[in-house]
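Atom set for the values below is all heavy atoms of this structure, side chains included, hydrogens, waters and symmetry mates excluded. This one's a predicted model, so the numbers in the text were calculated from it and none came from an experiment. Order of the sequence lines sets the chain letters (A, B, ...), proteins ahead of strands, with each chain counted from 1.
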Amino acid sequence: MSSAEQPMTLMELAKKQGKAKVAVAAKVENAILDLSRPAPENGVVRWLTPADPEGIEIVRHSTAHVMAAAVKELFPEARITIGPAIENGFYYDFDVETPFTPEDLGRIEERMGEIVRADLPITREEVSKEDAMQRFPGEPYKEELLADIPDNTVSLYKVGDFLDLCRGPHVPSSGRVSAYKLMNTAGAYWRGDSRKRMLTRIYGCAFATKKELDAHLALLEEIKKRDHRKLGKELDLFSVNEEIGAGLILWHPKGAVVRRIMEDFWRDEHARAGYDMVFSPHIAKLDLWRVSGHLDYYRQSMFGSIEVEGQDYQLKPMNCPFHIQIYKSRMRSYRDLPVRYAELGTVYRYEPSGTLHGLLRVRGFTQDDAHLFLRPDQLDEEIYTLLDFTLFVLRRFGFDRYDIYLSTRPEKYAGTLDNWAKAEAALKKALERKDLPYRVDPGEGVFYGPKIDIKIKDMLGRSWQCSTIQVDFNNPERFDATYVGEDGAEHRAIMIHRALMGSLERFFGVLLEHYAGSFPLWLAPVQVDVLSVTERQIDFAREIVAALRAAGFRAEGDYRNEKLGYKIRESQIQKVPYALVVGDREKAQRQVAPRRRGGEQLPPMAPAEFMEILRGEMDKPTT
RNA sequence: GCCGACGUAGCUCAACGGUAGAGCAGCUGAUUCGUAAUCAGCAGGUUGCCGGUUCAAUCCCGGCCGUCGGCUCCA
């Protein structure tokens, strides 16, 4: 190509290739570029469209700019800060005297629509940092951002009259932004720093098509319907009570049934897996936490101490020191190891009031905790077994999709490099031996050891971090937990700290949303409703209820003077897996007419036959 | 903890500077009914708590408690 010719832009190349309508940017040698940039001489480009993950990210980012443009027109006094693309959409933070109201959002969205319809070009220019400084009068946040940019050249983007400092890239014109919706406002600290000024953030979602946007809004509706706080109230499972205190959970009888079943299952399986159950008190001398190191590292998450007869006591934020003391209560031989102590231990942690959230974030909760004391040579096998056990437990609760993370040594760490290397290798080996895909989170381990975190995925594909397996070099050291080896000398034990469900409260909340309140049979608080059609069948219905209960099922009778449809509806709304209809016909035949929760009707059958169906369903993690 | 919104009957929600209303649930009665709501009547609230402004506050203002959306935090 001769130098006299005007170099062709990517946009022009896109036109030639018939891609101008769909392309929002181009990928050239791994760099994502605006279409206004020159096309490469060899002409090798990959066009990015809103259907590409990278393409939609650009659209989302540009939508944030369009929104900022609308905000600056309607609220010229608003100071602009940053506005990135995020999952499903974007946000933009503004510094305004009074935060935006929902009505403001409506006006902003309307103005955005006008900008989109006008299809204004979004232009890019490169200027020196000094020049850029002159271009943002009265925008202190932009000045601050500029000052922090190491390069001498920066890029500016313009939509209509709205100029923003931005790395880009952006879509070529505002008309390419289409399916979006402003969602809500929120406070957010400048640069995420709680010491800095609180800004007003506007969240929006944006998609490639209206259809995807609608699907996303439908998903949000579904999430709302499954909200464990709403279901907890509707199904009478639990409550939080202002008079008791924020973040403290009351388990109602039906919720308590589910919890008891979860606990029973947990205890049985742990006993089978070679764990010993222990119990420990809710408070202990403050000094214990000084020894464990929690006081130094995590004091801000602990409740204040309680003075008793001149001694400070502390509500426990963890169970580990207790288990260590049990371990230390006598001499341990290498033959005794591994020692596995498990406890459903209730702990109390101070969480800032603004972070509390139903069952998912509370101040008092029960960990399905265990501490394993091992010899170094047992680490590999133990972790492998533990991983297997964890996945088995999760599967029982209907979770068979997960993301696994291996967190390695952070900058600030306790223990020896040699131990860290061994522990990380053991964790890695176990994951690979189980053929589990995982991601490494470098430096994200706890100061006392590396860990495996398992994030389960629920029915809606949302991730929840519940299980954690942590190697701990710190506590055996601090508490001097040892065993006598074959050589007769004392050796330092290695500890594994692990929780499978994490917190029972939280796991129950996740389960509730996972199943949308429709618990599988084995967990359902009420498994069978027996419904009499008229009062003529009450005696027979009572008999059925008694028989079911005698067989170990959780059955309730509804003998009220109501129509069948009314009772069915109530049973359905309460998400009871089975309703047994008992009318004159059934009574005469000594049969029941089962109806499944979803509406499916089974043929009338003998009670014994129905119980066989129940038994066949008891070990199913989903229904 | 920070920013914003909210707090009215058991639940879901309405109304208003002049001491509040509906539906569902509850209770009573009638109805005896076949797979998602039978009808009628009755009862139910110091409008989260404390203080202030006002002739008068549930409504306006302040503080506290709690809830919600975020931020921060999360051993």
Side-chain angles (χ1 to χ4, degrees), chain A residues 91 93 95-96 98-102 104 183-203 224 227 229-230 233-234 236 239-248 289 292-302 317-320 347 349-358 360-363 367 445-449 451 465 468 470 472 474-475 497 499 502-503 506 529 531-538 560-574 579-586 593-602 604:
Chain A
Y91 68 78
D93 287 344
D95 186 358
V96 284
T98 46
F100 304 109
T101 64
D104 291 338
M183 304 304 287
N184 55 334
T185 60
Y189 300 112
W190 168 235
R191 299 196 147 177
D193 185 338
S194 58
R195 290 163 305 188
K196 297 215 160 92
R197 192 169 159 80
M198 178 68 72
L199 307 170
T200 300
R201 174 171 298 180
I202 302 178
Y203 280 99
K224 230 181 190 173
D227 191 313
R229 295 164 299 187
K230 183 170 171 276
K233 199 179 276 181
E234 287 170 2
D236 197 16
S239 61
V240 281
N241 182 321
E242 185 174 340
E243 295 179 40
I244 285 167
L248 303 169
W289 311 106
S292 72
H294 290 114
L295 208 52
D296 301 334
Y297 284 86
Y298 310 109
R299 177 172 234 149
Q300 82 281 0
S301 297
M302 289 162 60
M318 310 206 94
N319 303 304
C320 29
V347 296
R349 299 179 183 179
Y350 167 74
E351 303 284 356
S353 58
T355 64
L356 300 173
H357 182 92
L360 302 182
R361 194 67 186 271
V362 295
R363 284 179 175 162
Q367 285 185 312
V446 195
F447 72 93
Y448 52 66
K451 61 172 179 172
Q465 144 100 65
T468 185
Q470 308 177 345
D472 183 349
N474 183 55
N475 273 308
H497 172 120
S503 135
R506 186 177 138 88
D529 272 332
L531 316 178
S532 57
V533 177
T534 74
E535 61 188 18
R536 288 191 300 278
Q537 304 91 29
I538 292 179
R560 289 176 301 174
N561 182 8
E562 294 289 353
K563 287 169 120 171
L564 180 61
Y566 181 90
K567 298 182 184 182
I568 294 266
R569 177 183 149 82
E570 206 147 277
S571 178
Q572 172 85 33
I573 287 173
Q574 286 298 306
L580 295 187
V581 173
V582 175
D584 284 335
R585 289 200 295 271
E586 286 74 20
R595 177 192 192 275
R596 285 214 167 97
R597 175 160 59 188
E600 180 197 353
Q601 263 176 260
L602 275 52

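Put simply, A:R191 has no side-chain N or O that comes within less than 4.0 Å of OP1 or OP2 on B:rU72. An OP1 or OP2 oxygen of B:rG4 is reached within less than 4.0 angstrom by no side-chain nitrogen or oxygen of A:R201. Taking only side-chain nitrogens and oxygens, A:R560 never comes nearer than 4.0 Å to OP1 or OP2 of B:rU38. Remark: A:Y566 is not in phosphate contact with B:rC39, judged by side-chain N or O atoms under 4.0 Å from OP1 or OP2. Contact check, A:H357 against B:rU67: no side-chain N or O comes under 4.0 Å of OP1 or OP2. Residue A:R229 has a polar side-chain atom (N or O) positioned under 4.0 Å from OP1 or OP2 of B:rC68. Not one side-chain nitrogen or oxygen of A:T200 sits closer than 4.0 Å to the OP1 or OP2 atom of B:rC3. Phosphate contact (OP1/OP2 of B:rC71, side-chain N/O of A:Y203, threshold under 4.0 Å): present.
Of the candidates B:rG7, B:rU35, B:rC33, the closest approach to any side-chain atom of A:E242 belongs to B:rG7. Of all nucleotides listed (B:rG66, B:rU35, B:rC73), B:rC73 comes nearest to the side chain of A:R361. When each of B:rG34, B:rA36, B:rU67 is scored by its nearest atom to the side-chain atoms of A:I568, the top-ranked nucleotide is B:rA36. Distances were taken from every side-chain heavy atom of A:K233 (C-beta onward) to each of B:rG34, B:rC11, B:rG1; the shortest belongs to B:rC11. Taking the side chain of A:T355 as heavy atoms from C-beta on, and the options B:rC33, B:rU72, B:rA37, the nearest nucleotide is B:rU72. Of the candidate nucleotides B:rU67, B:rG70, B:rG1, B:rG1 has the atom lying nearest to any side-chain atom of A:P352. In the set B:rC33, B:rU35, B:rU67, B:rU67 carries the atom at the smallest distance from any side-chain atom of A:A246. If you check B:rA75, B:rU32, B:rC71 against the side chain of A:T534, the one that comes closest is B:rU32.
With P as the reference atom, B:rA30 and B:rG44 are 23 Å apart, rounded to whole Å. Comparing B:rA36 with B:rA75, their C1' atoms sit 48 Å apart, to the nearest whole Å.
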### Query
Which is it for A:T534 and A:Q537 under the side chain to side chain donor-acceptor pair (under 3.5 Å) test, yes or no, and what are the steps along the way?
CA-CA 6 Å; A:T534 74; A:Q537 304 91 29; 3.1 Å; yes
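In this structure, B:rC59 forms no base pair with any nucleotide, since neither Watson-Crick nor G-U wobble geometry is met with both distances under 3.5 Å. Both distances falling under 3.5 Å, in either a Watson-Crick or a G-U wobble arrangement, place B:rA5 opposite B:rU67.
In this entry the distance linking CE of A:M198 with P of B:rU72 reads 9 Å, nearest Å. Here B:rG34 presents its C1' atom at 16 Å from CD1 of A:I538, a figure rounded to the nearest Å. Atom CD1 of A:I573 is separated from atom C1' of B:rA25 by 12 Å (rounded to the nearest Å). Rounded to whole Å, atom P of B:rU35 lies 12 Å from atom CD of A:E586.
Shown here for A:D93 and A:R201, the closest heavy-atom pair between the two residues is OD1-NE, 2.7 Å.
Note on A:R536 versus A:D584: salt bridge recorded, some NZ/NE/NH1/NH2 to OD/OE distance being below 4.0 Å. Using a 4.0 Å cut-off between charged side-chain N and carboxylate O, A:R595 and A:E600 make no salt bridge. A salt bridge is defined here as a Lys NZ or Arg NE, NH1 or NH2 lying under 4.0 Å from an Asp or Glu carboxylate O, and A:D193 with A:K196 meets this definition.
Residue-to-nucleotide contacts include a donor-acceptor pair under 3.5 Å from the side chain of A:R595 to the base of B:rU35. Counting distance only, with no hydrogens placed and no angle test, the side-chain atoms of A:Y189 and the base atoms of B:rG70 include no donor-acceptor pair under 3.5 Å.
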